[in-house]
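Every heavy atom of this structure was used, including side-chain atoms; hydrogens, water molecules and symmetry mates were not.
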Amino acid sequence: MSCTKEKRLGYTEEAKRIAETLTLEEKVSLMGGNVTLNEMMQDMMADPENKHYNYFPYPAGGIEKENIPPMLFCDGPRGVVCGTQKSTCFPVSMCRGASFDTELEEKIGYAIGEEIRAYKGNLFGGVCINIPYNPGWGRSQETYGEESFHIGEMGSSLVKGVQEADVIACIKHFAFNQMEISRFKVNVDCDKRTEREVFLPHFKKCIERGAASVMSAYNLYQGVHCGHSDYLLNQVLKQEWDFDGFIMSDFIWGVKDTEEAANGGQNIEMCCTQFFGDKLVKAVREGKVAEEKIDDAALRIIRTLLAFQREYSSGMEVAEERIGCKEHVALALQSAREGITLIKNENRILPFARDKTKKIVVLGKLGQKENTGDHGSSQVFPKYVVSPIQGIANVSPKSQVIYYDGEDIEHARDLAKEADAVVFVVGYDHDDEGEYVSEAQSEGYTGSMGGDRKDSLGLHENEIRLLQEVGAVNQNSAAVLIGGNMIMIEEWKDSVGAILMAYYPGMEGGTAIAEILFGEVNPSGKLPFVIPYKESDLPQVNWDTESQYYEYYHGYTKLEKEGIAPSVPFGYGLSYTSFQLDGVTFSTNGKAVSAEALVTNIGEREGAEVVQMYIGFSDSSIDRPVKILRGFKRVFLQAGESEKIHIVCPASELTWFNEKSGQMELEHMTYEIYLGTSSDARDLTMGRIVL
């Protein structure tokens, strides 16, 4: 059972009694990381094969004489960062978001929690739920997609799974963290409706569903560092949302001032104590920080740690053998299978027929790369990684598999002409996108320097040329895209018959790619973002800036509001079978809206479909989206099998923020309600309900 908020609150009186016995110095000692800056930098500069960032769980606080354990931090989100050649490397969150599978995400959370326990940790810092305002954000691979409702559902499922393993789940980065290159200096601003309807609801949902910890962000919001923000940390989190857990800063640079951070509601400075500790004790002694602030932090920290320690499976240890065990690796493979998305399949060239594919050519530098994503704080070090070419060779052992990086176009053409099938593996790696630390701040840190995709949202020029000039040479040509978010396809999409979006698919990603190419697995992922015809259709961002304003619309809602057709719609993904929705009905009881349908697999093989429910607002008296996602259900069916599905959306999910009243309000009017298989109107059945 998960350590719920109700269980945690049951430890309030005991935590208060303990806190009252502590000196000011002891209470403040709970509020800082126990790793020195020098120790951390030495780890970050080490040989990754032996030591690296978060090689061991980073401790903070802890008072042994009172039996208060330290908080022991393990990073994520694609698995546990600790150790070397051990942890399970799951697909990145964006790939898992494409599965729309909340049940699988909960299982992945539990597996991650088990591995953290086996590493002797007690906190998972890998529930990243920031919204990519523009898909060029370098760390958007760490979140689930562009849509707040979808992120909230997936993120809260990860929280639930982690905490069912009696590990504290930390959601991050609160809030408005959507760029890398400027993350330490940018001041973000937006209007109140945008704040409350677009950028905060998924955080609120994760808090309501039990998340026990929050990490603040590096950036500023409306002129104040998020780690110091009285508005975000005290007023919104602790007062409005009644958050019972503790808040920690983002690492090293997340706290800039002792008094501002403590008064602003920050509870723990991670993972090195630079501004808290003795400086905070002094600030309290001088009356610059009220001791009540320290008492509040101590209560939150002690209560949370006690609750998870006591609720933890009757004190049973998790064996080290659970780290990277076969069950967890199987989950990673299943996640890749479910997330990889078939965007195009002209003339059904996929799946390749194994008996007719004697010679297969793999083109592109990424074809033989063990590419699991960013090399920053989210990098996981598994026992092995299956590359695309390894996967193809393993899945089709009787085929002759030829690899070429594609540098010489003429040679690539010659190889393609003689092949039975051609697979282009193109896209990004950690040098192109990922966590960014400038040289001025790195102090020798040799981690990822990818940053944001500031030049283009498309492929590299040499990859575009390779696809354009070689793709049409062989009618059995498929492109496999690797990357953490949307990749533009317009310049080359007509040159190949099939396109798979593989994201960064984890340690077993090459296996899943090959299984889908050869039809052992039926693709079922759905795009958790829209693909536009032009980059200019998306919100524009200056990636190197000290100020950024976020508008209300982004992603598919922006395109729909402006009447711009996408190249590929949000929620879209093809299958090797076909599905039909019959008997679609919509209803409301005044407190929620519901959709029902009979989903039938009318094709010739098993497969999964993601049925999506959208709500429209054409009768609204205020500016609102054309429609927004407000429910989804993944259903797996054998050929000819049917299942009745029921999707419910609480009326509270349809509210808007009234800046005059300062409240979320429900409009009483007629709403459109849509049910179907993507956000495209052609894939949806529409009805109307009155609330």
### Message
Working note: Val186 + Glu546, criterion side-chain contact (heavy atoms from CB on, under 4.5 Å); need CA distance, chi angles, decisive distance, verdict.
### Response
CA-CA 4 Å; Val186 67; Glu546 293 186 358; over 6 Å; no

### Task
Quick one: do Val214 and Met248 satisfy side-chain contact (heavy atoms from CB on, under 4.5 Å)? Show the steps, please.
CA-CA 6 Å; Val214 173; Met248 71 176 72; over 6 Å; no

### Task
Starting from the C-alpha separation in whole Å, work towards a yes-or-no answer on side-chain contact (heavy atoms from CB on, under 4.5 Å) for Asn177 and Phe199.
CA-CA 10 Å; Asn177 180 353; Phe199 288 98; over 6 Å; no

### Task
With ring-ring contact (aromatic ring centres under 6.0 Å, His included) as the test, would you mind laying out the steps for His150 and Phe100 before giving the verdict?
CA-CA 8 Å; His150 172 245; Phe100 285 73; 4.3 Å; yes

### Step-by-step salt bridge (charged side-chain N to carboxylate O under 4.0 Å, His left out) determination, Lys493 to Glu346
CA-CA 11 Å; Lys493 70 178 184 182; Glu346 190 174 310; over 6 Å; no

### Task
For the pair Leu158 and Arg96, evaluate side-chain contact (heavy atoms from CB on, under 4.5 Å) and give the outcome as yes or no after the intermediate values.
CA-CA 11 Å; Leu158 186 65; Arg96 306 200 313 262; 4.0 Å; yes

### Task
Applying salt bridge (charged side-chain N to carboxylate O under 4.0 Å, His left out), run through Lys256 and Glu260 and close with a yes or a no.
CA-CA 8 Å; Lys256 304 285 188 182; Glu260 285 185 16; over 6 Å; no

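Annotation: Lys534, atom NZ; neighbour count of heavy atoms from other residues, nucleotides and ligands within 6.0 Å does not exceed 12. Around atom NZ of Lys558, more than 12 heavy atoms belonging to other residues, nucleotides or ligands sit under 6.0 Å away. In Lys107, the NZ atom is not crowded: 12 or fewer heavy atoms of neighbouring residues, nucleotides or ligands sit closer than 6.0 Å. Taking a 6.0 Å sphere around NZ of Lys238, one finds it holds more than 12 heavy atoms contributed by other residues, nucleotides or ligands. Heavy atoms from other residues, nucleotides or ligands lying under 6.0 Å from CD of Gln235 number more than 12.
Ion pairing between a basic and an acidic side chain is recognised when a charged N comes within 4.0 Å of a carboxylate O; Arg624 and Glu667 show such pairing. Lys454 and Asp452 are not joined by a salt bridge, as no carboxylate oxygen comes within less than 4.0 angstrom of a charged side-chain nitrogen. Comment: Arg139 engages Glu142 in a salt bridge, judged by a side-chain N to carboxylate O separation of less than 4.0 angstrom. Remark: Glu338 does not engage Lys526 in a salt bridge, criterion side-chain N to carboxylate O under 4.0 Å. Ion pairing between Asp250 and Lys172 fails under the 4.0 Å rule for side-chain N and carboxylate O. Arg193 and Glu195 are not joined by a salt bridge, as no carboxylate oxygen comes within less than 4.0 angstrom of a charged side-chain nitrogen. Here Asp544 pairs with Lys185 in a salt bridge; the nearest charged N to carboxylate O distance falls below 4.0 Å. With respect to the salt-bridge test (charged N to carboxylate O, under 4.0 angstrom), the residues Arg630 and Glu153 do not qualify.
Under the side-chain hydrogen bond (donor to acceptor under 3.5 Å, both in side chains) test applied with Tyr428, the options Glu433, His460, Arg453 reduce to a single match, Arg453. Just one of Glu106, Arg209, Glu105 meets the side-chain hydrogen bond (donor to acceptor under 3.5 Å, both in side chains) condition when paired with Ser156; it is Arg209. With Tyr218 as reference, Phe184 is the one residue of Phe184, Phe251, Phe174 to meet the ring-ring contact (aromatic ring centres under 6.0 Å, His included) rule. With respect to Leu581, the side chain to side chain contact (heavy atoms under 4.5 Å, CB included) criterion is satisfied by exactly one of Thr685, Leu675, Asp683: Leu675.
Between the side chains of Gln266 and Ser216, at least one donor-acceptor pair of N or O atoms lies under 3.5 Å. Counted by atom type alone, Thr677 and Glu609 present zero donor-acceptor pairs between their side chains at under 3.5 Å. In this structure, a donor-acceptor pair under 3.5 Å is present between the side chains of Gln612 and Tyr614. No side-chain donor from either of Gln663 and Asn658 sits under 3.5 Å from a side-chain acceptor of the other. Using modelled atom types, one finds no donor on one side chain facing an acceptor on the other under 3.5 Å when comparing Arg78 with Ser93.
Here Phe570 and Tyr556 bring their ring centres to under 6.0 angstrom of each other.
Among all heavy-atom pairs drawn from Ala175 and Leu232, the shortest one is N-CD1, 4.3 Å. Nearest heavy-atom pair, Glu146 versus Val530, reported as atom, atom and distance to 0.1 Å: OE1-N, 3.2 Å. Between Glu180 and Trp137, the shortest heavy-atom contact is OE2-NE1, 3.4 Å.
To the nearest 0.5 Å, atom OG1 of residue Thr341 and atom CE of residue Met501 are 7.5 Å apart. In this structure, OG1 in Thr557 is found 8.5 Å from CD1 in Ile628, a value given to the nearest 0.5 Å. To the nearest 0.5 Å, the span separating NZ on Lys369 from NE2 on His430 amounts to 5.5 Å. With rounding to the nearest 0.5 Å, the separation of CD1 in Ile673 from CE in Met613 is 5.0 Å.
Ring pair His554/Tyr133 is tilted by interplanar angle, where 30° to 60° counts as tilted.
Leu237 is listed as a side-chain neighbour of Ile207, based on a closest heavy-atom distance under 4.5 Å.
Cation-pi geometry between Arg183 and Tyr436 is not met: the NZ or CZ atom fails to fall both under 6.0 Å from the ring centre and inside 45° of the normal. In this structure, Lys627 forms no cation-pi arrangement with Phe617, as its terminal cationic atom is not both closer than 6.0 Å to the ring centre and no more than 45° off the ring axis.
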